[in-house]
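In what follows, a single structure is set out as structure tokens and then discussed.
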Amino acid sequence: MMKTRFAPSPTGFLHVGGARTALFNWLYARRLGGKFILRIEDTDQVRSTAESAAGILQDMLWLGLNWDEGPQVGGGKNEYFQSMRLTTYEELIQKLLKDGRAYECYETPEQLAAMRAIFDKAKRPFRYRRAMPGRALRTEGPTVIRFDMPYEDITIHDAILGPVTVRADEHDDIIIRKSDGFPTYHFAVVADDHAMGVTHVLRAQEHLMNTPKHLALYRALGWEPPTYAHTPLVFNMDSTKMSKRDKTRAARAGLQAYAKRTADENYSKLAVAAKVSPEQIQAFMAKKVDDTALAATLAGTIGLDLPEIDVQDFRRSGYMADALLNFIALIGWAPGENREVLSRQEMLNLFSVETIGKTNGRFDRKKLTWMNGEYIRKASMDELLAALKSFIEVTDYPLKAASDAVLRELLAMYKDRMATFAEMARNCGFFFQDPVYDEKAKSKFVNTDEGQAFLRQIYPILDAVTDWRKEALTPAMEQILSLGEKKGAAAQAMRVAVSGGAVSPPLLETIALLGRDKTLSRLKAFISSH
RNA sequence: GCCCUCAUCGUCUAGAGGCCUAGGACACGGGCUUUUCACGCCUGUAACUGGGGUUCGAAUCCCCAUGAGGGCACCA
């Protein structure tokens with residue numbers, strides 16, 4: 001049985017890069033009729049959290065990347081959390097110890113750092129080996145167990161990169177059991193991939209140099225290693241690594257500009273608006289803390305968009321899961337025949353490891369946005385509504401209170417003119433609350449002699465309409481559009497009065513949904529106030 | 001510093017020796033459509049990192065240089 005797995009460590013949110021790895025594994029397993037396993041690698045007791053694990057599961061489900069084995073599916077209840085499998089690792093480690101393939105070490109972290117420093121200074125690579133001189137003697141203190149790497153060249157037969165050989169003198173004896181008794185990543189992956197029957201490992205290229213270690217471990221344990229395939233990496237457009245730090249960096253830059261703009265140097269006004277203490281903000285700005293949640297709230301209060309990095313960031317920004325997946329798949333993979341917009345099923349039909357490329361890619365948000373628009377336009381109304389509601393669940397816009405019926409009306413109106421749900425959410429606020437009037441639009445279209453004349457003509461036309469359904473409103477709207485020299489000359493004045501700005505969906509649909517009272521009162525307010 | 005990987009338009013990519021005058025998509029420019037904004041349609045600009053080989057012939061194969069990225073933890 002062919003099996004792939006995605007094995008994130010629960011030390012944060014699910015990153016887009018991780019999502020791509022998960023997708024590739026998911027596609028690969030589904031394509032070949034195998035099984036897809038989800039395993040939580042929580043061997044780092046300090047950094048792993050249960051909340052993070054829960055968040056990752058939730059994001060995987062939002063993306064629609066379901067697993068055949070893993071938390072909540074198949075097997076015992078905690079079988080897919082490494083922290084629950086300690087006895088398994090211990091037995092294996094004891095076996096290696098007995099076979100003489102592993103040994104205890106007594107250096108403290110400080111001693112190791114000092115040894116490394118000496119080599120660094122001499123510009124020589126430091127490799128810990130069993131036979132090296134100067135190893136610490138047995139002590140009472142905590143010990144660590146290392147694997148005795150064989151002194152031989154090791155060749156990885158990578159399904160994407162081809163053969164890659166690492167010379168014998170490049171290896172070092174990796175730690176397989178930490179002093180807290182937990183296995184290290186290197187040991188736990190090998191033990192689990194074997195135990196769970198994983199046959200194909202698709203992981204990011206940053207793991208390439210780990211592979212010889214894993215291969216040696218398989219051999220020492222007498223096991224058949226899986227097929228490895230290392231995927232190219234994904235970077236920001238400026239070729240920096242995509243990381244949560246991008247968010248704090250962007251927030252700091254935006255906040256600095258805000259402080260200058262609004263003369264709020266010590267962030268006292270912002271602190272009040274964001275409901276946090278000024279000290280917190282100052283500590284954040286001074287880079288004393290790297291709190292991404294704080295960065296998000298602060299950015300939110302000054303209307304600053306932070307770069308999306310984690311899967312949930314994209315959800316909050318109003319991207320559809322399928323569009324994100326489709327876009328992400330195309331970095332490093334091309335289905336051929338110039339195909340780009342692919343449904344999940346089409347991706348499944350076309351996917352293969354052979355068609356994954358070797359070159360690192362960059363994350364072009366503009367193309368993602370375009371792709372999301374494509375998905376929005378081709379989605380059915382039911383699909384769109386479901387996706388929109390999943391967006392509404394995690395955000396807080398005025399349309400949060402809208403009924404399904406109203407949401408459907410809005411979607412019909414905005415479908416062709418939005419690239420993300422957030423875009424619609426920002427633009428449709430005037431349906432739910434008084435518009436924030438755009439002063440420039442007002443002075444250009446409303447507070448002019450012509451604009452006033454139009455509004456005075458428009459009001460009675462609409463006031464005469466009692467049946468406010470779209471069909472009944474159509475003749476009145478036609479009449480309004482025919483006002484003035486050229487067709488539609490009066491539209492902008494009405495648009496500004498009704499929506500607050502120079503841009504909105506077509507007026508007929510807009511006022512039909514807005515309702516008679518609000519439409520008329522907004523028009524009237526502009527006539528009488530001038 | 002050492003080891004490893006990669007290298008086609010600004011970006012994602014197609015290209016597995018002649019089909020390449022290098023194709024597609026995003027972005028950008030121009031036009032059409034239009035009650036605003038979009039959508040849609042038409043159209044334009046734009047690339048084989050450099051140098052050596054191999055070959056009748058190289059974006060495609062080899063070598064070197066350069067550039068980019070990854071790794072060198074009691075993190076994964």
Side-chain angles (χ1 to χ4, degrees), chain A residues 7-11 41-44 46-48 105 107-109 112-113 116 119-127 142-146 156 158 160-162 164-167 169-170 172 174-180 182 184-186 188-189 203-212 230 232-233 235 237 239 241 327 330-341 357-371 373 377 414-419 423 427 441 445 477-478 480-483 486-492 494-496 499 501-508:
Chain A
S9 67
T11 54
E41 309 219 319
D42 55 350
T43 52
D44 184 336
V46 180
R47 296 197 300 163
S48 299
C105 289
E107 286 84 6
T108 62
L112 281 173
R116 251 181 224 110
F119 279 80
D120 280 356
K121 211 164 183 180
K123 297 192 171 176
R124 302 288 310 162
F126 175 64
R127 312 251 182 263
T143 60
V144 119
I145 293 175
R146 286 182 191 264
I156 306 156
D158 192 276
I160 293 170
L161 299 171
V164 176
T165 301
V166 177
R167 274 185 289 107
D169 58 358
E170 290 297 328
D172 69 349
I174 49 165
I175 292 175
I176 55 176
R177 195 183 75 185
K178 303 184 249 185
S179 58
D180 66 358
F182 273 55
T184 55
Y185 159 75
H186 298 298
V189 248
R203 51 163 47 156
Q205 219 171 89
E206 61 200 8
H207 284 294
L208 184 61
M209 287 299 108
N210 291 332
T211 312
H230 290 91
L233 271 19
F235 297 93
M237 284 302 278
S239 85
K241 211 168 184 174
F327 171 73
L330 260 24
I331 304 177
W333 175 65
E337 295 173 1
N338 292 332
R339 304 287 311 277
E340 296 228 282
V341 180
K358 300 178 179 182
T359 54
N360 293 161
R362 295 163 198 234
F363 197 95
D364 185 350
R365 286 190 171 70
K366 284 200 172 148
K367 186 157 183 178
L368 199 217
T369 303
W370 163 79
M371 174 130 348
R377 265 164 257 131
Y414 282 94
K415 193 170 180 172
D416 282 346
R417 64 195 87 241
M418 67 167 153
E423 199 181 324
N427 293 334
F445 297 113
M477 204 56 228
E478 284 303 321
I480 291 168
L481 291 179
S482 67
L483 295 173
K486 80 175 201 241
K487 198 190 174 205
Q492 284 306 75
M494 176 170 165
R495 192 182 311 280
V496 174
S499 76
V503 175
S504 85
L507 288 166
L508 176 62

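All chains are named by letter (A, B, ...) in the order of the sequence lines, taking the proteins before the strands, and each is independently numbered beginning at 1. Predicted, not measured: the structure shown is a model, and the values here were computed from it. Hydrogens, waters and symmetry mates play no part in the numbers below; they use all other heavy atoms, side chains included.
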Mind checking [X] for me? I need base, sugar-phosphate or nothing, with any heavy atom below 4.0 Å counting as a touch.
X	result
Arg177(A)	nothing
Thr43(A)	sugar-phosphate
Lys178(A)	base
Asn210(A)	base
His207(A)	base
Ser179(A)	base

Rounded distance in Å between the [atom1] positions of [N] and [M]:
N	M	atom1	answer
U11(B)	A16(B)	C1'	24 Å
U54(B)	C72(B)	P	42 Å
U49(B)	G44(B)	C1'	27 Å
A68(B)	C12(B)	P	15 Å
C64(B)	C6(B)	P	14 Å
C4(B)	G29(B)	C1'	43 Å
G67(B)	G53(B)	P	23 Å
U45(B)	G50(B)	C1'	25 Å

With respect to the phosphate group of A73(B), does any side-chain polar atom (N or O) of Arg146(A) fall under 4.0 Å of OP1 or OP2?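 Answer is no, no contact under 4.0 Å.
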So, taking the atom named CE in Met237(A) and the one named NZ in Lys367(A), what distance separates them when rounded to the nearest 0.5 Å?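 Here the interatomic distance stands at 11.0 Å.
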How would [range] be written as a contact map, 5' to 3', with B for base contact, S for sugar-phosphate-only contact and - for no contact, using protein heavy atoms under 4.0 Å?
range	result
nucleotides 4-16 of chain B	SSSS---SBSS--
nucleotides 43-50 of chain B	--------
nucleotides 33-41 of chain B	--BBBBSS-

Starting at atom [atom1] of [X], determine the distance to atom [atom2] of [N], rounded to an integer number of angstrom.
X	N	atom1	atom2	answer
Ile175(A)	C75(B)	CD1	P	7 Å
His230(A)	G70(B)	NE2	P	15 Å
Asp158(A)	G70(B)	CG	C1'	13 Å
Lys123(A)	G1(B)	NZ	P	7 Å
His186(A)	A76(B)	NE2	P	8 Å
Ile156(A)	G71(B)	CD1	P	14 Å
Asp172(A)	A73(B)	CG	P	7 Å
Tyr185(A)	C75(B)	OH	C1'	11 Å

If you check the [X] side chain, which of [options] turns out closest?
X	options	result
Glu206(A)	G70(B), A27(B), C74(B)	G70(B)
Arg116(A)	C2(B), C75(B), C74(B)	C74(B)
Ser9(A)	A27(B), A76(B), C74(B)	A76(B)

Counterpart residues, ring pair (Phe, Tyr, Trp, His ring centres under 6.0 Å), relative to Phe235(A) (two or more places apart): none
Under the ring pair (Phe, Tyr, Trp, His ring centres under 6.0 Å) test, which residues partner Phe327(A), sequence neighbours left out?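 So Phe327(A) forms a ring pair (Phe, Tyr, Trp, His ring centres under 6.0 Å) with Phe363(A).
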Provide the Watson-Crick or G-U wobble partner of [N], both distances under 3.5 Å; none if there is no partner.
N	answer
U34(B)	none
G44(B)	C28(B)
U5(B)	A68(B)

Check for a donor-acceptor pair, side chain of [X] on one end and backbone N or O of [Y] on the other, with a separation under 3.5 Å.
X	Y	result
Asp158(A)	His230(A)	yes
Arg495(A)	Pro505(A)	yes
Thr369(A)	Ala419(A)	no

Over all atoms of both residues, closest heavy-atom pair of [X] and [Y]:
X	Y	value
Ile156(A)	Pro212(A)	CD1-CD, 3.7 Å
Pro125(A)	Phe119(A)	O-CD2, 3.5 Å
Asp42(A)	Pro10(A)	CB-CG, 3.7 Å

Any ion pair linking Asp180(A) and Lys178(A) (charged N to carboxylate O, less than 4.0 Å)?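 No.
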Mind checking whether [X] and [Y] have side chains closer than 4.5 Å, heavy atoms only?
X	Y	answer
Arg127(A)	Glu170(A)	yes
Asp172(A)	Ile174(A)	yes
Leu330(A)	Pro335(A)	yes

For Pro506(A), enumerate each residue passing the side chain to side chain contact (heavy atoms under 4.5 Å, CB included) test, keeping only those at least two apart in sequence or located in another chain. Arg417(A), Glu509(A)
